[in-house]
Amino acid sequence: MPELPEVESVRRGLAAHVPSRTIVQVEVLQPRSVRRHLQGPDDFASTLIGRTFGEPRRRGKYLWLPFEDGDALLAHLGMSGQFRLDTTDQPRHSHTRVAVTLDEGPELRFVDQRMFGGLALSRGGADAPPEIAHIAPDLLNPTLDRRALVRRVRTRSSAIKRALLDQSVVSGIGNIYADEALWRAKVHHGRPANDLSAVTVGRLLDAARDVMEEALAVGGTSFDALYVNVNGESGYFDRSLAAYGQEGRPCGRCGTPIVREHFMNRSSFFCPSCQSRG
DNA sequence: CTGTGGTCCTGTATGC
DNA sequence: TGCATACAGGACCACA
């Protein structure tokens, strides 16, 4: 379940290998994975050939690989998407959806079991893909206006967790890090965002930033083989999770068993004692 | 504009 | 053993 730390780990892996590499061949093995390229899979493949990569970039959970000509390869990993850099003699993983041969070095492979992710060419998207204009800045963006963000969050009447997960409010947070941030800030996920004080929302956003930075430092969170970096390696932050997936285990602060609750068609894990409904 | 709930997708785990 | 069901959940879309 790639969220900001996992996507950033992938971006860094790509940054070490793809800049200055030129595409010589593209194989679309699963058309669904390029469904957001409206001209179709054949156009996707042919239009990429001959282009040269620049420095990979990221906003929230979106990743894009700029080309030197001003366009970009826009990617989202969805639930299970991976970029892998494998030598051509290594067997392709069975869920390989797109394979990109470069002029030298390893092959770039997009692997995606559940196919919620995908690739597309973004015209003129090297600096800022127009397709993701609606995606808000993320918490690791040094130019983020924290006060403006606190204000925007507090205009929402829906549950605070819904606001945290809304990528047009703040980007990069998914279900795992939302639960971790709420636990750290001692806020119940269902509290209306506009009921929280500016200080509390500020603390919550700081907690989200901190937990994602800590996760990034250890390569992200991996529960299974669905998230790995470009070399196929797992992250280690699952060992540091305080709330997510901890149902029945004692809260690290007060010892009360962590509770799981259905919320927004997914699971929310929280401490019923530390995180009161207010 | 904001808010809400349905849908897509496949592999794994669980229940009868 | 086999079949059905639940679950994982990010982004998008229709609709109120």
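The basis for the numbers below is simple: all heavy atoms, side chains too, and nothing from hydrogens, waters or symmetry mates.
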For [N], does either OP1 or OP2 sit under 4.0 Å from a side-chain N or O belonging to [X]?
| X | N | result |
| --- | --- | --- |
| A:Gln167 | C:dG10 | no |
| A:His134 | C:dC12 | yes |
| A:Ser157 | B:dG3 | yes |

Closest approach to the side chain of [X], judged atom by atom: which nucleotide of [options] is it?
| X | options | value |
| --- | --- | --- |
| A:Arg260 | C:dC7, C:dG10, B:dT2 | C:dC7 |
| A:Arg162 | C:dG10, C:dA8, B:dT4 | B:dT4 |
| A:Lys61 | C:dG10, B:dG6, B:dG3 | C:dG10 |
| A:Gln113 | C:dG10, C:dA8, B:dG11 | B:dG11 |
| A:Arg152 | B:dT10, C:dG10, B:dT2 | B:dT2 |
| A:His262 | C:dG10, B:dG11, C:dC7 | C:dC7 |
| A:Tyr62 | B:dT10, C:dA8, C:dA11 | C:dA11 |

Q | Partner set under side-chain hydrogen bond (donor to acceptor under 3.5 Å, both in side chains) for A:Arg84, not counting sequence neighbours | A | A:Gln82
Q: Could I get the full list of side-chain contact (heavy atoms from CB on, under 4.5 Å) partners for A:Ser268, not counting sequence neighbours?
A: A:Lys161, A:Asp179, A:His189, A:Phe263
Q: List for me each residue that meets side-chain contact (heavy atoms from CB on, under 4.5 Å) alongside A:Pro250, sequence neighbours excluded, and say none if there are none.
A: none
Q) Would you say the side-chain atoms of A:Glu180 pair up with the backbone N or O of A:Asn175, donor to acceptor, closer than 3.5 Å? A) no
(Q) Determine whether a donor-acceptor pair (N or O, by modelled atom type, separation under 3.5 Å) exists between the side chain of A:Arg97 and the backbone of A:Gln113. (A) yes
(Q) For a stem of at least 3 consecutive Watson-Crick or G-U pairs with distances under 3.5 Å, i pairing with j, i+1 with j-1 and so on, which stems involve DNA chain B? (A) B:2-16 with C:2-16
Show me the donor-acceptor pairs, under 3.5 Å and distance only, between side chains in residues 209-219 of chain A and residues at least two apart or in other chains.
{"residue": "A:Glu214", "atom": "OE1", "partner": "A:Arg184", "partner atom": "NH2", "Å": "2.8"}
{"residue": "A:Glu214", "atom": "OE2", "partner": "A:Arg184", "partner atom": "NH1", "Å": "3.0"}

Q: Run through the side-chain heavy atoms of Ile, Leu, Val, Met, Phe, Trp and Tyr, join any pair under 4.5 Å, and report what else lands in A:Val259's cluster.
A: A:Phe270
Q. Apart from A:Val111 itself, what residues make up its hydrophobic cluster, given side-chain heavy atom links below 4.5 Å?
A. none
How long is the line joining [atom1] of [X] and [atom2] of [N], in whole Å?
| X | N | atom1 | atom2 | value |
| --- | --- | --- | --- | --- |
| A:Met264 | B:dT7 | CE | C1' | 14 Å |
| A:Arg97 | B:dT10 | CZ | P | 7 Å |
| A:Asp112 | C:dG10 | CG | C1' | 11 Å |
| A:Tyr227 | B:dT10 | OH | C1' | 21 Å |
| A:Ile173 | C:dG10 | CD1 | C1' | 14 Å |
| A:Tyr177 | C:dG10 | OH | C1' | 15 Å |

Q: Check the pair A:Lys61, A:Glu3 against salt bridge (charged side-chain N to carboxylate O under 4.0 Å, His left out), reporting the backbone distance first and the verdict last.
A: CA-CA 6 Å; A:Lys61 304 172 201 171; A:Glu3 304 180 31; 5.6 Å; no
Mind checking if [X] touches a base, just sugar-phosphate, or nothing, with heavy atoms under 4.0 Å?
| X | answer |
| --- | --- |
| A:Arg156 | sugar-phosphate |
| A:Phe263 | nothing |
| A:Arg36 | sugar-phosphate |

Q | DNA chain B contacts made by residues 115-124 of chain A, counting heavy atoms under 4.0 Å | A | A:Met115, A:Phe116
Q: Strictly below 4.0 Å, heavy-atom distances to any atom of DNA chain C: list the hits from residues 72-85 of chain A, or just say none.
A: A:His76, A:Met79
**Q.** salt bridge (Lys or Arg N to Asp or Glu O under 4.0 Å) partners of A:Glu261, counting only residues at least two apart
**A.** A:Arg277
Q.
Using the rule given for side-chain contact (heavy atoms from CB on, under 4.5 Å), can you reason through A:Leu108 versus A:Leu14, listing the C-alpha separation, both sets of side-chain angles and the distance that settles it, and then say yes or no?
A. CA-CA 9 Å; A:Leu108 177 63; A:Leu14 294 172; 3.6 Å; yes
Extract all donor-acceptor atom pairs below 3.5 Å that involve side chains of residues 134-141 of chain A and protein atoms in other chains or at least two apart in sequence.
{"residue": "A:His134", "atom": "ND1", "partner": "A:Glu131", "partner atom": "O", "Å": "3.4"}
{"residue": "A:Asp138", "atom": "OD1", "partner": "A:Leu140", "partner atom": "N", "Å": "2.9"}
{"residue": "A:Asp138", "atom": "OD1", "partner": "A:Asn141", "partner atom": "N", "Å": "3.1"}
{"residue": "A:Asp138", "atom": "OD2", "partner": "A:Arg58", "partner atom": "NH1", "Å": "3.0"}
{"residue": "A:Asp138", "atom": "OD2", "partner": "A:Gly60", "partner atom": "N", "Å": "3.0"}
{"residue": "A:Asn141", "atom": "OD1", "partner": "A:Thr143", "partner atom": "N", "Å": "2.8"}
{"residue": "A:Asn141", "atom": "OD1", "partner": "A:Thr143", "partner atom": "OG1", "Å": "2.8"}

Q. If you take atom types as modelled and just measure distance, does the side chain of A:Arg114 reach the base of C:dA8 with a donor-acceptor pair under 3.5 Å?
A. yes
(Q) Listing request: all side chain to side chain donor-acceptor pair (under 3.5 Å) pairs with a residue in residues 147-160 of chain A, at least two apart in sequence or in separate chains. (A) A:Arg156-A:Asp166
